[in-house]
Engineer: 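Sharing a structure with you now.
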Amino acid sequence: MTALLDRLYRIDAEFGGDELCGLAAGYLQEAARVFSRTGGSAGTARMHQVMAGLTQIAGWLSIDANRHADARRYLSAAIYAAHEAGDLGLAAHAMGYLSLSALYQGNHREAFPLAETAVGLSGPASPAARAIVHTRAARAPAREGHSALGACQRHLDLAWAAFTDSASGGAPEPRWCGYVDRVELAAQRGACFLDLGMPAQAATAVSEAIGLLTGSAPHRVRDLAHYKTRLALAHLAAGDLDAVMAAGTEAGTIVSRITSSRIRERFAELTAAVGTRDPRRARELATVARGTRLTSGPGPLS
């Protein structure tokens with residue numbers, strides 16, 4: 001099961017989640033059938049742990065595919081299974097994903113209490129799990145604008161403090177926290193600053209994330225498209241259309257090759273925003289993103 005989850009996470013990072021949703025659902029159904037045949041056995045806690053891990057990644061893939069109703073269903077099941085397994089860290093992490101799903105749907109007032117609840121659950125969690133739920137709690141109030149800077153910065157500081165705990169050694173982090181690194185924290189800072197209306201700070205943080213990503217994790221292609229899109233939005237907010245086109249063209253080239261509805265939607269938002277300033281340049285970006293996407297898929301899981 002660990003090998004399967006590792007492969008799902010790796011393919012998701014490279015291709016995006018759209019084409020993996022069905023695969024994850026199939027593996028989840030098979031696990032549920034196994035679970036139903038072993039109910040009441042000594043391995044029940046372990047099966048709850050397996051179900052929590054599978055439903056969580058199914059929830060994340062659904063977020064990436066913009067299937068938010070599915071995401072809510074899977075993540076709610078993940079929270080229940082994690083509680084049954086006695087893993088509050090995993091429950092907190094899944095609730096953080098629920099908050100992110102609400103945020104992507106424009107429900108930041110729902111996203112914040114979900115993130116705060118996740119923070120409350122994360123007390124016994126690993127340092128990386130605590131770090132990421134604090135970034136969720138930072139992202140939600142950022143949508144309120146600059147007035148939320150204090151609350152947002154407090155959670156970003158707590159995220160960094162937790163992350164430095166994880167970097168100092170100790171027990172191994174759970175597999176589902178494998179993406180929590182300096183790249184992720186810099187990217188989350190950039191997203192917050194963008195929402196807060198601080199484009200210079202956003203560009204600095206996102207540029208840091210891009211530099212770290214290209215140096216240490218070039219397989220995370222989907223993330224690179226996302227960060228380049230955010231960088232273009234930061235440049236747009238600063239009024240630098242040439243820099244927008246440079247970052248946006250790089251983002252669009254990647255968007256044309258991946259299968260992530262979430263990232264395509266973010267890129268469409270960029271082109272729409274550019275269109276209010278310069279329709280010709282917006283058409284150029286849209287043309288880049290309409291290149292030939294990968295249609296052969298990631299190949300079978302084994």
Engineer: Could you walk me through whether R109 and E144 pass salt bridge (charged side-chain N to carboxylate O under 4.0 Å, His left out), step by step?
Structural biologist: CA-CA 9 Å; R109 295 185 185 279; E144 300 281 357; 3.5 Å; yes
Engineer: So which atom in A251 and which in T229 form the shortest heavy-atom distance, rounded to 0.1 Å?
Structural biologist: CB-OG1, 3.5 Å
Engineer: Has the side chain of S99 got a donor or acceptor atom that lies under 3.5 Å from a matching backbone atom of A111?
Structural biologist: yes
Engineer: Got a salt bridge between R230 and D223, using NZ or NE/NH1/NH2 to carboxylate O under 4.0 Å?
Structural biologist: no
Engineer: I'd like to know if E208 pairs up with R189 as an ion pair, taking the criterion as any Lys NZ or Arg NE/NH1/NH2 lying under 4.0 Å from an Asp or Glu carboxylate oxygen.
Structural biologist: yes
Engineer: Are L194 and V206 close enough that some pair of their side-chain heavy atoms sits under 4.5 Å apart?
Structural biologist: no
Engineer: Between A128 and V180, what is the shortest heavy-atom contact and its length?
Structural biologist: O-CG1, 3.8 Å
Engineer: Ignoring hydrogens and geometry, is there a side-chain-to-backbone donor-acceptor pair from R277 to A282 under 3.5 Å?
Structural biologist: no
Engineer: Does either side chain, that of H134 or that of Q188, offer a donor lying less than 3.5 Å from an acceptor on the other one?
Structural biologist: no
Engineer: Can I57 be reached from V133 by stepping across I, L, V, M, F, W or Y side chains whose heavy atoms are under 4.5 Å apart?
Structural biologist: yes
Engineer: Verify, without hydrogens or angle tests, whether S101 (side chain) and L98 (backbone) share a donor-acceptor contact under 3.5 angstrom.
Structural biologist: no
Engineer: Mind checking side chain to side chain donor-acceptor pair (under 3.5 Å) for T249 and listing every partner two or more places apart, or none if nothing turns up?
Structural biologist: none
Engineer: Inspect the contact between E284 and R281 and indicate whether a charged nitrogen and a carboxylate oxygen are less than 4.0 angstrom apart.
Structural biologist: no
Engineer: Kindly compute the distance separating OG1 (T259) from CG (L20), expressed to the nearest 0.5 Å.
Structural biologist: 7.0 Å
Engineer: Give the minimum heavy-atom separation between A129 and W176, together with the two atoms involved.
Structural biologist: CB-CZ3, 3.9 Å
Engineer: Has S76 got a side-chain atom pairing as donor or acceptor with R73's backbone, closer than 3.5 angstrom?
Structural biologist: no
Engineer: Between side-chain atoms of residues 58-65 and protein atoms elsewhere (two or more places apart, or another chain), which donor-acceptor pairs fall under 3.5 Å?
Structural biologist:
residue : atom : partner : partner atom : Å
W60     : NE1  : D12     : OD2          : 2.8
S62     : OG   : A58     : O            : 2.8
D64     : OD1  : R222    : NH1          : 3.3
D64     : OD1  : S260    : OG           : 2.9
D64     : OD1  : R262    : NE           : 2.7
D64     : OD1  : R262    : NH2          : 3.0
D64     : OD2  : G17     : N            : 2.6
D64     : OD2  : R222    : NH1          : 2.9
D64     : OD2  : S260    : OG           : 3.2

Engineer: Identify whether the distance between the nearest side-chain nitrogen and carboxylate oxygen of E173 and R130 falls below 4.0 Å.
Structural biologist: no
Engineer: Take the angle between the ring planes of H93 and Y97 and call it parallel below 30°, perpendicular above 60°, tilted in between.
Structural biologist: perpendicular
Engineer: Quick check: does any side chain N or O of D18 sit under 3.5 Å from a backbone N or O of S261, one acting as donor and the other as acceptor?
Structural biologist: yes
Engineer: Check E14 with R257, please: is the shortest side-chain N to carboxylate O separation under 4.0 Å?
Structural biologist: no
Engineer: Please report the interatomic distance OG1(T214) to OH(Y227), rounded to the nearest 0.5 Å.
Structural biologist: 11.5 Å
Engineer: Closer than 4.0 angstrom, basic N to acidic O: yes or no for D70 and R67?
Structural biologist: no
Engineer: Apart from F112 itself, what residues make up its hydrophobic cluster when side-chain heavy atoms of I, L, V, M, F, W and Y under 4.5 Å apart count as a link, directly or indirectly?
Structural biologist: none
